[in-house]
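So the structure is just underneath, and the comments pick up after that.
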Amino acid sequence: MTDTSQSTGIDNNARKPRKRGFILHLHPALLPKDAILFNRTFGLGGMAALLFVIQAFTGILLRFVYEPSAEKAYESILFIQQNIIFGQLVRNIHHWSGIFFVIITFLHLLRTFYSQAFFTPRRINWVIGVGLLLTVTLSNFTGYLLPWDQLAYWAITVSTSILEYIPVAGTWLMNIVRGGNEVGSATLLNFYTLHTGIMPVILITLMVFHFWRVRKAKGIALPGNMKEMEKVPGNPNLVMKELVVGLVLIAFILFLSVFLNAPLLEKANPAFSPNPAKAPWYFMGMQELLLHFHPIFAGVIIPFVFFIGMFYLPYVSYSDSRPGYWFGSEQGKKMAIRSAILALIITPLAILADEYLLDFEGWMKGIPILISNGLIPFILLLFTITGYIILIKKRYKASKIEWIIALFTVIVVSYSVLTVIGIWFRGPGMNFMLPWEIN
Ligand code: HEM
Ligand code: HEM
């Protein structure tokens, strides 16, 4: 073979992709130099994939001993912790990575949203992504019941009771999920089957499709013309970076799991409800919302409208789409920062106002609660949001994508504030309290 490097001046070894293997098969042989910059993806998609592998591995180990029945589940967890070598550690890893899986997947969603990666040809991958976020959350949710302690039992009781508010089919749906009208043995078996069988299969299917679509879209969204970008081999440039991110993540989870045990309260007691009974942390924002709106609005209509919007997001027609550009433009970035600050101030104020000043139910005695505490506050909320969008369109000449960025930011920050208040500022009777006043 003739060596062309001398005549062209280019080192052939640097350009030629190294040998392929299973891991390498997931990566393109050559990819734009900018695509491997850490701050393009923060490695979040890869971390989510690794967390799934950790969950599957530790989950299978736990399955060897865990017994999915109301009589034996709690004892089998105690047995895992006390009698199995590294049992406590494996349970801790499964517990903490389960939490990180939800958080990292959500951060990855934020990354793809703000780096404007949901336009064609990545539209379908955004939709699969939203499906993945729902499945990851449901995976965590179905695992939440399995330890069968007071925390698990009442969190699932509180959360599944929201299903009852779905019009027409609510009670029927709740009874199907619970396998009866109360959380009991049948619920545990339902959740176990979903958690260790159905959810992992759905996750794997969606992930395979997701990765394939990333390859089909010729990698991640980058600003500028891909064809003109300098290319480097995927191996070792990208593979090594992923390896480092993966090892740091594993080290972090191991460190946490060695020093911090997964919680386990006393065995589930259906006759004694703790006060307050709280939902799993990712649903606490919704539980907080339930204190301010009628359940049909807080638990059904608002989440439903939000997720319809999320699925539909890439199919809106945009005249100014700029895939790969963070926040689309400088103004988009300003909109996001201002909206975040606004939501950070307004949400706690609105919660305090509803707590101490507003009393729609009391002011409109005789009117059904669905209207006084549901429709009217909901319409007020819609007015405020619409007013905000009109304001930024007029004042800053915000384009469609810019006001969508602003709206999305308001929703994400508000939900985060609701979650923090629900977790740390609600004591007995779900009354508003400062964290140090609780207990
Ligand atoms: C892929 C296969 C999986 C299997 C076979 C599996 C298996 C199990 C088993 C047997 C338990 C009961 C043991 C215990 O509670 O400590 C459990 C609990 C749990 N699982 Fe999984 N799991 C899998 C995936 C996942 C995923 C993807 C998530 C999160 C997104 C997750 C989150 C949880 C949580 C939060 C618990 C309760 C942990 C605790 O606090 O004790 N699991 N899982
Ligand atoms: C189990 C959960 C998920 C896994 C394992 C996963 C994995 C990945 C990976 C490895 C990539 C390649 C680029 C990167 O690492 O950022 C990617 C890209 C992408 N993901 Fe995910 N993802 C998950 C959930 C989601 C969610 C919740 C969304 C959004 C709703 C989403 C939307 C996208 C989009 C739009 C891309 C293309 C990004 C670009 O071109 O810049 N994914 N995903």
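Computation of the quantities below employed the complete heavy-atom set of this structure, encompassing side-chain atoms and omitting hydrogens, waters and symmetry-equivalent molecules.
For F119 and Y318, the gap between ring centers is short of 6.0 Å. Between F252 and F100, the distance separating the two ring centers is shorter than 6.0 angstrom.
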Residue pair Y192, R63: steps toward the side chain to side chain contact (heavy atoms under 4.5 Å, CB included) verdict
CA-CA 10 Å; Y192 178 72; R63 264 191 76 147; 3.3 Å; yes
Can you check side chain to side chain contact (heavy atoms under 4.5 Å, CB included) on Y74 and L78, steps first, answer last?
CA-CA 6 Å; Y74 183 76; L78 285 178; 3.7 Å; yes
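Looking at heavy atoms from C-beta onward, S319 lies out of side-chain contact with K400 at the 4.5 angstrom threshold. Using a 4.5 Å cut-off on side-chain heavy atoms (C-beta onward), V410 and L342 make no contact. For the pair L264 and I77, the minimum side-chain heavy-atom distance is below 4.5 Å. At a threshold of 4.5 Å between non-hydrogen side-chain atoms, the residues Q88 and N261 count as touching. Between V413 and F408, the closest side-chain pair of non-hydrogen atoms is not below 4.5 Å. A heavy-atom distance below 4.5 Å is found between the side chains of I124 and R213.
A donor-acceptor contact shorter than 3.5 Å is absent between the side chain of R123 and the backbone of Y315. A distance-only check finds no donor-acceptor pair linking the side chain of N237 to the backbone of V232 [under 3.5 Å]. Formation of a donor-acceptor pair under 3.5 Å by the K33 side chain with backbone atoms of M229 is not found in this model. Side chain of T142 to backbone of S139: a donor-acceptor contact under 3.5 angstrom is found. Remark: the backbone N or O of E71 is paired with a side-chain donor or acceptor of K267 at under 3.5 angstrom.
Ring geometry, F113 versus F118: the interplanar angle falls under 30°, so the pair is classed parallel (tilted spans 30 to 60°). In this pair, H195 and H94 present their aromatic rings perpendicular. The plane angle is above 60°, beyond the 30 to 60° band. Using cut-offs of 30° and 60° for the angle between ring planes, the F327 and Y114 rings count as tilted. Aromatic ring orientation, F311 versus F307: tilted (interplanar angle from 30° to 60°). Ring geometry for Y144 against Y282 counts as perpendicular: the plane angle is over 60°, on a 0 to 90° scale with 30° as the lower cut.
S329 and E402 form a side-chain donor-acceptor contact under 3.5 Å, judged by distance and modelled atom types alone. No side-chain N or O of Y66 forms a donor-acceptor pair with one of T196 less than 3.5 Å apart. The closest side-chain donor-acceptor pair between H294 and N373, if any, does not fall under 3.5 angstrom.
The distance from the CH2 atom of W154 to the CG atom of L145 is 12.5 Å, given to the nearest 0.5 Å. Interatomic distance, CG of N431 versus CG of L291, reported as 9.0 Å (0.5 Å rounding).
The side chain to side chain donor-acceptor pair (under 3.5 Å) analysis of residues 156-175, with sequence neighbours excluded, yields the pairs T160-R178.
Heavy atoms of other residues, nucleotides or ligands lying less than 6.0 angstrom from CD of E355 number more than 12. No more than 12 heavy atoms of other residues, nucleotides or ligands lie within 6.0 Å of CD in E330, so this atom counts as exposed by the packing criterion. Sparse packing is recorded around NZ of K334, with 12 or fewer heavy atoms of other residues, nucleotides or ligands lying under 6.0 Å away.
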